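The model shown is predicted, which means the values in this text are computed figures rather than measured ones.
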Amino acid sequence: ADALEVIPRTLAQNCGADVMRRMTELRAMHATGATTWGINGETGLLANMKELGVWEPLTVKTQSMRTAVESACMLLRIDDVVAGAKKASGGGGGGRQQQQTDPDDQEGGGEENDDRVG
């Protein structure tokens with residue numbers, strides 16, 4: 001519901017109107033059944049949008065909500081795929097795994113056999 005109030009709130013702010021008062025008046029009008037009322041973008045006062053010829057179809061709002069839900073679901077699916085890939089590769093730490101050596105396998109009385117110089 002808050003997302004649907006962004007437009008009238010922004011109109012009231014841009015007109016220099018008292019935002020809280022206008023939003024309260026608009027909610028009261030909508031509660032009484034006057035659902036075609038909104039904020040006049042030129043004056044900042046409440047006005048019947050039907051009389052002014054301003055229409056915002058319900059289909060636009062419905063499609064916006066559907067798109068938002070689909071986007072959220074897609075992000076959650078991507079997150080699941082990434083989490084599954086990390087789990088499958090052993091935690092996804094990205095570092096080189098260290099090899100464990102058995103002290104009995106070392107030659108030369110405990111000296112390490114490696115290619116280091118020095």
Assess whether atom CD1 of Ile7 is packed by more than 12 heavy atoms of other residues, nucleotides or ligands within 6.0 Å.
no
Nearest heavy atoms of Ala17 and Gly44, plus distance in Å:
CB-O, 3.8 Å
Rounded to the nearest 0.5 Å, the CG atom of Asn48 sits from the OG1 atom of Thr36 at a distance of 3.5 Å
Distance from Thr35 atom OG1 to Leu26 atom CG, nearest 0.5 Å?
10.5 Å
Residue pair Ile39 / Arg9, side-chain heavy-atom distance below 4.5 Å:
no
Quick one: CE on Met29 to OG1 on Thr24, what's the gap to the nearest 0.5 Å?
13.5 Å
Connected via hydrophobic side-chain network under 4.5 Å: Met49 and Leu11
no
Not counting sequence neighbours, list each pair that qualifies as a side-chain hydrogen bond (donor to acceptor under 3.5 Å, both in side chains) and has a residue in residues 66-78.
Gln63-Thr67
Tell me which pairs pass salt bridge (Lys or Arg N to Asp or Glu O under 4.0 Å) where either residue lies in residues 16-33, with sequence neighbours left out.
Glu5-Arg27, Asp18-Arg21, Arg22-Glu25
Transitive ILVMFWY side-chain link Val60 to Val6, under 4.5 Å:
no
Pairwise distance CG(Leu52) to NZ(Lys50) - rounded to 0.5 angstrom
12.5 Å
